[in-house]
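For reference, the structure is listed below as structure tokens.
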Amino acid sequence: MSLKNKNILLGIGGGIAAYKSADLVRRLKERGAQVRVVMTQSAMEFIAPLTLQALSGHPVASDLLDPAAEAAMGHIELARWADLFVIAPATANIIARMQAGMADELLTTCALATAAPVVICPAMNQQMYQHAATQHNLQSLQSRGTHIWGPDSGSQACGEVGPGRMLEPLDIAKRCEGFFAEKLLAGQKLLLTAGPTREAIDPVRYISNHSSGKMGFALAQKAAEMGAEVTLVAGPVNLPTPAGVRRINVQSAQQMLDAVMQAVAEQDIFIACAAVADYRIAQVAEAKIKKSAETMQLALVRNPDILATVAALQHKPFTVGFAAETHDVEHYATDKLQRKKLDMIAANDVSIAGQGFNADSNALKVIWPNGSQDLPATDKHTLAGQLLGLIAQVK
Ligand code: PMT
């Protein structure tokens, strides 16, 4: 009953994902939350208010100008009642109207009138999601403190494939739990690296890897939710910055090292989740390299090891490394823990399909000098919360 005594106002927009909102109400209620539902007029074309009323145990609010509904629990009271306002699905239209600060419907009015944190779970066609207008609106809302959860990527109801699927109800419910979780990292400054690095070959080519940044961004988001002041040094990834997180974008390992060293002095915790290229090109070509012989050789030189550099500092933060291994995971991870003088290492077996690089799930074997713990396969957000919980405990 992790959401006991929490009042969650659920806003439902008019998209095909609205059918999932019924399950979301159930998931929130089974965790102890009180749920009230606000629907847009178009949401009611996709799912009947009676279904949401039966599941939530409260009448569904939809009309700003309905005197009877306003007499029961008016829009201001609804907005005040909420501890958290979750809008799922949030269509491109709702997002645009919220960005503009419009109060043209009960749902958008509540978003303006509430002092509670607001969460948006986008759901729309992938082209609409990737359109510059939608991206601008999301970034603008995020910079004003709105939390953006998702979307997922995959096949869509319209037959297209790409980002724009609403997160699964269970995932949203778990994030609500995380949102109200104990602020185990309150007062802590946490620096982390995420994503891949790019090492230039010439002006148009580079060496990189398949890291998506999802694991590191999930850690950044969770750490912020747990009360930490988070600085995220991110390689080139296409992910929105989690709410409340300071983000520094870099390309190469050298740039990542520079950004980390500039920020590290005042940090309590450092987590190296980035997949940093171990080597870079010895001599980057100034002009595009032309095709000539059948084979060619590129001379590489070692990149600085960011994690080892931080761990060697005289006043180092609690330093956590990751280890991406394909075999003998525990053996190699323990070796890295000792050799780099780390406080903790989180090892993942990246040979398992559906885990590690560019996946939504992962599993970790976490090792520290006096102990270890297995964190079984789950979504990266849940896993991030578990790893941060361990860090708070061991530190
Ligand atoms: O980004 P995702 O798609 O979500 O995937 C997540 C992940 C698989 C990238 C992540 O879970 C992970 O394992 N990150 C570390 C990947 C890696 O580079 O591992 P490694 O075993 O090569 O490096 C060991 C540690 O040293 C890592 O903490 C790494 O950040 C650090 N390192 C490595 C080289 C270098 N030059 N500088 C470093 O700081």
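Nothing here was measured: the structure is a model prediction, and the numbers come from that model. Counting starts at 1 for both ligands and their atoms, in listed order.
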Measure the shortest side-chain to side-chain distance between V25 and D23 over non-hydrogen atoms and say whether it is less than 4.5 angstrom. no
Who passes side-chain hydrogen bond (donor to acceptor under 3.5 Å, both in side chains) against D202, sequence neighbours left out? R205
As a test of reading the model: which residues have a non-hydrogen atom less than 4.0 Å away from ligand 1? S211, S212, G213, K214, M215, A272, C273, A274, A275, V276, D278, P304, D305, I306, L307, G321, F322, A323, A324, K336, K340, N348, G356, F357, N358, N362, K380
Applying side chain to side chain contact (heavy atoms under 4.5 Å, CB included), name anything that partners L375, two or more places apart in sequence or on another chain. L364, V366, Q373, L383, Q386, L387, L390
Which residue pairs satisfy the side-chain hydrogen bond (donor to acceptor under 3.5 Å, both in side chains) criterion with at least one member in residues 146-173, sequence neighbours excluded? K20-E168, N125-E160, Q126-E160, D171-R175
Return the CG to OG1 distance between D278 and T197, rounded to the nearest 0.5 Å. 8.5 Å
Looking at L191, L307, V264, which one forms a side chain to side chain contact (heavy atoms under 4.5 Å, CB included) with T319? L307
